[in-house]
Q: 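What follows is a structure written as structure tokens; I'll ask about it next.
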Amino acid sequence: MFNSMSNSDHHLISLIVSSTGKLHLRQIYAFLLRTSLIRNSNVFHHFLSRLALSLVPRDIDYSRRVFSHRSNPSVSHCNTMIRAFSVSQTPGEGFRLFRSLRRKSSLPPNPLSSSFALKCCIKSGDLLGGLQIHGKIVSDGFLSDSLLMTTLMDLYSTCENSTYACKVFDEIPHRDTVSWNVLLSCFLSNKRTRDVLLLFDKMKNEVDGCGKPDAVTCLLALQACASLGALDFGEKVHYFIDENGLGGALNLSNTLVSMYSRCGAMDKAYQVFNRMSEKNVVSWTAMISGLAMNGFGREAIEAFNEMLKFGISPEEQTLTGLLSACSHSGLVDEGTMFFEKMRSGEFKIQPNLHHYGCIVDLLGRARLLDKAYSLITSMEMKPDSTIWRTLLGACRVQGNVELGERVISHLIELKAEEAGDYVLLLNTYSSVGKWEKVTELRSLMKEKKIHTKPGCSAIELQGTVHEFIVDDNSHLRKEKIYKMLAEINQQLKIAGYVADITSELHNLDSEEEKGHALTYHSEKLAIAFGILATPPGTTIRVTKNLRTCVDCHNFAKFVSDVYDRVVIVRDRSRFHHFKGGSCSCNDFW
DNA sequence: ATAGGGTTAG
């Protein structure tokens, strides 16, 4: 038998596959219509694939029209169209197309169309649509399709339902490295970072037939380390990468640079960075942002200039890193200059909200609060809650009650006010002694049932991350820790430290209940644990979820002097390197 | 018949 496809089909298809640009494809389409070759299903398939999936820029409207002209689309035609929607700006349409084709029975059950439809729901964050597809998967009998199940996990992960994702994972018949990786990715994006590390260990030890960690696994584990500030574990992953020959990939090296900087280990970050044979914008951005975060503003600017010398153009994130370097290090003139260069189009990138945020922060630290306020009101885009919150933080540091009140009204107007914002205002009041305002705001918060997020600090010892919350009682060695803390307080008092527990009120509920009983912020507990559990002279690294308060900041300064330890605290946005009684930052004065 | 699926850097 001859192959049913003729020679001319071959030519036509190769012409379609190699076609470039929209005009070219339109000409081909006209030709196909004129010659009735469009009726050839195979030819149509190739045409639609080219048009809907590989044309740049994509033209989803044209694809949709071409598709709807076909009276009897085959499974592959439908799948191509649904897939095209899944990577378009209107993924919801892909799901609706899938549903209507299935309802009209013009699309027989097949795992691929379900997979593409799921992708559509993932992209549009449509949990309800995804649940409908899940139902179809069950009734179609595709539950044993591992690839489809993996996509389903990703749906639940994106829709912030890690419990469902786990359930699906448990029922996958043959779990391979990718299924495990999706689970890791799920935990990473759903605030279950510690579970990522547990899973990594499990995979490394090949417990109950899980896949062996690959480059993606390491990438995810490194991100988890970065987020937790788990340096020891990060080094372990680094070692694993080298040992298994997974290194060399640009994305892995870039993630390593980022992980080391986000763990406050700039020497290690430099080491990886310098040894990279190839560097792209992402590498430079990671380095610049890392330097910024650690308070090395000058070095960040140097790195930026060097990057330009290599002929690499900055991206939005690069400039965010650069500007935040200037703000964190108080380089007002430099920051302003780079910002002006941006606005004049020198980098071909227009300022976005992040960039404005950095400048607001910069002006705030330079005590130019009014200038910061007028910059926000003059922006071409609508200010978001983060930018107002930045200004509110500056108001708190400088005790500017009047502006603080104005800022919070903006936040309320945006319906974006959070417990932390009220705490900032509260602390602004208390820092200037407006006690009646404090009482007033407190009862308002009680009325509105605003509950503050508890501060949480983590410290890593030999690969294990220990977490503490305010007044934590859960740790195995709590008695020893509290005893240690009492002793530290005594030592610090001798050195001149005065505890200031009234000006910063992170946990209002417990504060009210206990009156003036001793309350311990989580970072103090973590630092005390660090002193207790590590030999003298060891650097203490603490990671905190909120901003460090004035009192804890002061506490850490004294500890670094009295106990002769380097204390590195990573808070919400940056690092504080304490050494010999002082801190690298200029946040508090 | 055609060819088509899962995770992943700053």
Side-chain angles (χ1 to χ4, degrees), chain A residues 3-5 9-10 13 16-17 40-50 52-54 73-84 86 110-119 122 142 145-155 157-158 165 168-169 172 174-189 196 211 213-223 226 246 249-259 261-262 269 272-273 276 279-293 307 312 314-322 324 354:
Chain A
N3 191 322
S4 64
M5 196 159 77
D9 279 1
H10 262 309
I13 288 168
I16 291 169
V17 169
N40 180 323
S41 177
N42 189 20
V43 168
F44 181 74
H45 172 79
H46 279 100
F47 179 76
L48 188 66
S49 300
R50 183 77 198 161
L53 292 172
S54 40
S74 74
V75 177
S76 62
H77 304 154
C78 296
N79 288 355
T80 302
M81 197 60 223
I82 299 168
R83 186 182 174 197
S86 78
N110 71 93
L112 266 183
S113 53
S114 307
S115 165
F116 294 140
L118 272 176
K119 282 271 185 185
I122 291 169
F142 293 147
D145 186 325
S146 307
L147 270 71
L148 193 50
M149 289 300 105
T150 313
T151 316
L152 200 52
M153 282 174 70
D154 201 27
L155 168 89
S157 164
T158 311
V168 175
F169 178 78
I172 298 179
H174 301 291
R175 295 186 285 255
D176 60 3
T177 300
V178 181
S179 349
W180 281 82
N181 286 349
V182 178
L183 190 63
L184 260 81
S185 151
C186 173
F187 286 163
L188 181 67
S189 51
V196 177
D214 65 359
V216 176
T217 318
C218 295
L219 203 69
L220 295 165
L222 288 175
Q223 287 182 30
L246 299 170
L250 197 52
N251 58 357
L252 262 183
S253 305
N254 290 344
T255 309
L256 276 170
V257 171
S258 169
M259 182 276 291
S261 353
R262 291 183 63 193
V272 175
F273 184 78
M276 288 170 69
K279 299 185 186 82
N280 62 6
V281 216
V282 181
S283 329
W284 287 97
T285 305
M287 201 64 228
I288 293 167
S289 314
L291 289 166
M293 216 188 304
M307 179 190 83
I312 294 175
E315 286 182 354
E316 288 192 349
Q317 291 100 316
T318 323
L319 293 169
T320 306
L322 179 70
S324 79
H354 295 289

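Here is the naming used below: chain letters follow the sequence lines, and residue numbers restart at 1 for every chain. It should be emphasised that the depicted structure is a prediction, and the values quoted were computed from it without experimental measurement.
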Q: Identify whether any heavy atom of A:Ser289 sits under 4.0 Å from a base atom; if not, whether one sits that close to sugar-phosphate; answer base, sugar-phosphate or nothing.
A: nothing

Q: Could you tell me the separation between the CZ atom of A:Phe47 and the C1' atom of B:dA3, rounded to a whole number of Å?
A: 17 Å

Q: Once you round it to whole Å, what is the distance between P of B:dA9 and CE of A:Met287?
A: 20 Å

Q: Could you list the residues that satisfy side-chain hydrogen bond (donor to acceptor under 3.5 Å, both in side chains) with A:Ser189, not counting sequence neighbours?
A: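 Result, side-chain hydrogen bond (donor to acceptor under 3.5 Å, both in side chains) vs A:Ser189: none returned.
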
Q: Distance check needed: B:dT8 C1' versus A:Leu183 CG, whole Å only.
A: 15 Å

Q: Assess whether side chain to side chain contact (heavy atoms under 4.5 Å, CB included) is satisfied between A:Met307 and A:Thr318, documenting all intermediate values.
A: CA-CA 10 Å; A:Met307 179 190 83; A:Thr318 323; 4.0 Å; yes

Q: I'd like to check A:Met276 versus A:Asn254 (side-chain heavy atoms, cut-off strictly below 4.5 Å). Are they in contact?
A: yes

Q: Is any side-chain N or O of A:Asn251 under 3.5 Å from a base N or O of B:dA9, one able to act as donor and the other as acceptor?
A: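 Side chain to base: no pair below 3.5 Å.
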
Q: Kindly point out which of B:dG10, B:dG4, B:dT2 is positioned nearest to the side chain of A:Val281?
A: B:dG10

Q: Once you apply a heavy-atom cut-off of 4.0 Å, does A:Asp214 come out as touching a base, just sugar-phosphate, or nothing?
A: nothing

Q: Is A:Ser283 touching bases, backbone alone, or none of the nucleic acid, heavy atoms closer than 4.0 Å?
A: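 It contacts nothing in the nucleic acid.
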
Q: Which nucleotide, B:dT7, B:dG6, B:dG10, lies nearest any side-chain atom of A:Ser185?
A: B:dT7

Q: For the side chain of A:Ser41, starting at C-beta, report the closest nucleotide among B:dG10, B:dT2, B:dG5.
A: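 My answer, after comparing the listed nucleotides, is B:dT2.
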
Q: Across the strands shown, which category fits A:Ser258 at heavy-atom distances under 4.0 angstrom: base, sugar-phosphate, nothing?
A: sugar-phosphate

Q: Please classify the nucleic acid contact of A:Val182 as base, sugar-phosphate, or nothing, using heavy-atom distances under 4.0 Å.
A: sugar-phosphate

Q: Should A:Leu250 and A:Ser283 count as side-chain neighbours, where that means a heavy-atom distance under 4.5 Å?
A: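 A side-chain contact under 4.5 Å exists here.
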
Q: How long is the line joining CE of A:Met81 and C1' of B:dG5, in whole Å?
A: 18 Å

Q: Compare all side-chain heavy atoms of A:Phe273 with those of A:Lys279 and state whether any distance is below 4.5 angstrom.
A: yes

Q: State which of B:dA3, B:dG10, B:dG5 makes the closest approach to the side chain of A:His45.
A: B:dA3

Q: Assign A:Glu315 to base, sugar-phosphate, or nothing according to its heavy-atom contacts below 4.0 angstrom with the strands shown.
A: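 The answer is base, as A:Glu315 lies within the cut-off (heavy atoms under 4.0 Å) of a base atom.
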
Q: Report yes if a donor N or O on one partner sits less than 3.5 Å from an acceptor N or O on the other, where the partners are the side chain of A:Asn280 and the base of B:dA9; otherwise report no.
A: yes

Q: Look at the side chain of A:Asp145 against the base of B:dG5 and say whether a donor-acceptor pair falls under 3.5 Å; ignore hydrogens and angles.
A: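 Checked by distance alone, the answer is yes.
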
Q: Quickly work out the A:Asn110 CG to B:dG5 P distance and round it to whole Å.
A: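 Computing the A:Asn110:CG to B:dG5:P distance gives 13 Å.
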
Q: Can a donor-acceptor pair under 3.5 Å be found between the side-chain atoms of A:Ser179 and the base atoms of B:dG6?
A: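 When only heavy-atom distances are counted, A:Ser179 does reach the base of B:dG6 through a donor-acceptor pair under 3.5 Å.
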
Q: Within the structure provided, determine whether A:Leu155 and A:Val168 are in side-chain contact (heavy-atom separation under 4.5 Å).
A: no

Q: Measure from the side chain of A:Gln223, starting at C-beta and using heavy atoms only, and say which of B:dG10, B:dG5, B:dT2 lies closest.
A: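 My answer, after comparing the listed nucleotides, is B:dG10.
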
Q: NA contact type, A:Leu219, heavy-atom cut-off 4.0 Å: base, sugar-phosphate, or nothing?
A: sugar-phosphate

Q: Could you tell me the separation between the CD1 atom of A:Ile122 and the P atom of B:dG5, rounded to a whole number of Å?
A: 15 Å

Q: Once you apply a heavy-atom cut-off of 4.0 Å, does A:Leu256 come out as touching a base, just sugar-phosphate, or nothing?
A: nothing

Q: Please determine whether any donor N or O and acceptor N or O are separated by less than 3.5 Å between the side chain of A:Asp176 and the base of B:dG6.
A: yes

Q: What is the separation between atom NE2 on A:His77 and atom C1' on B:dT2, rounded to the nearest whole Å?
A: 7 Å

Q: Under the 3.5 Å rule, do the base of B:dG6 and the side chain of A:Thr151 count as making a donor-acceptor pair?
A: no

Q: Mind checking side-chain hydrogen bond (donor to acceptor under 3.5 Å, both in side chains) for A:Asn40 and listing every partner two or more places apart, or none if nothing turns up?
A: A:Asp9

Q: Given atom CG of A:Asn79 and atom P of B:dT2, what is their separation to the nearest angstrom?
A: 16 Å

Q: Quick check on B:dT7: is either OP1 or OP2 less than 4.0 Å from any side-chain nitrogen or oxygen of A:Lys119?
A: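 Affirmative; the distance criterion is met.
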
Q: Using the side-chain heavy atoms of A:Ala286, tell me which of these nucleotides is nearest: B:dT2, B:dG5, B:dG10.
A: B:dG10

